[in-house]
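Counting from 1, the numbers follow the sequence of the chain as shown. All of these numbers come straight from a predicted model, not from anything done at the bench.
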Amino acid sequence: MNRFKKIYSQGTISMIEIWVDTETGVNYIFRRDGNAGGFTVLLDKEGKPVITQ
């Protein structure tokens, strides 16, 4: 039930959030603008997933 934890949030109508999968440590970014939004893996500059220990 609590697999994902929000660690960052900015904005209200146009919003960005960063979520961490507590089982794998993989970071995800959620972007919403009005009624549209998307959720995807957060990548570092080398194209690898950002992992939080």
Side-chain angles (χ1 to χ4, degrees):
M1 209 60 190
N2 296 321
R3 181 168 178 172
F4 293 91
K5 178 180 176 185
K6 181 171 37 172
I7 61 168
Y8 178 81
S9 182
Q10 176 182 323
T12 52
I13 295 172
S14 181
M15 179 175 48
I16 291 180
E17 296 176 343
I18 297 177
W19 291 77
V20 174
D21 181 334
T22 59
E23 291 184 15
T24 64
V26 174
N27 286 237
Y28 295 86
I29 188 162
F30 173 71
R31 172 81 164 107
R32 183 180 74 194
D33 196 348
N35 292 328
F39 192 71
T40 190
V41 175
L42 182 62
L43 303 176
D44 65 14
K45 65 182 180 182
E46 297 175 355
K48 297 178 183 176
V50 175
I51 299 175
T52 301
Q53 299 299 328

Taking a hydrophobic cluster as the set of Ile, Leu, Val, Met, Phe, Trp and Tyr residues connected by side-chain heavy atoms closer than 4.5 Å, whether directly or through intermediates, do [X] and [Y] fall within one such cluster?
| X | Y | result |
| --- | --- | --- |
| Val26 | Leu43 | yes |
| Ile16 | Val50 | yes |
| Tyr8 | Ile29 | yes |

First locate atom CD of Glu23, then atom CG of Asn2, and finally report the distance between them rounded to the nearest 0.5 Å. 11.0 Å
I need the Ile13 CD1 to Asp33 CG distance, nearest 0.5 Å. 9.0 Å
Smallest heavy-atom separation, Lys5 atom then Thr22 atom, equals CB-CG2, 4.1 Å
Here the pair of heavy atoms bringing Ile51 nearest to Thr24 is CG2-O, 3.9 Å
Does Arg3 reach the main-chain N or O of Val20 with its side chain, forming a donor-acceptor pair under 3.5 Å? no
For Glu17, is there any backbone N or O sitting under 3.5 Å from a side-chain donor or acceptor partner on Ser9? no
Could you check whether the rings of Tyr28 and Phe4 sit parallel, tilted or perpendicular, using 30° and 60° as the cut-offs? perpendicular
The single option from Asp21, Thr52, Asp44 passing side chain to side chain donor-acceptor pair (under 3.5 Å) against Asn27: Thr52
Would you say the side chains of Arg31 and Ser14 form a donor-acceptor pair under 3.5 Å? yes
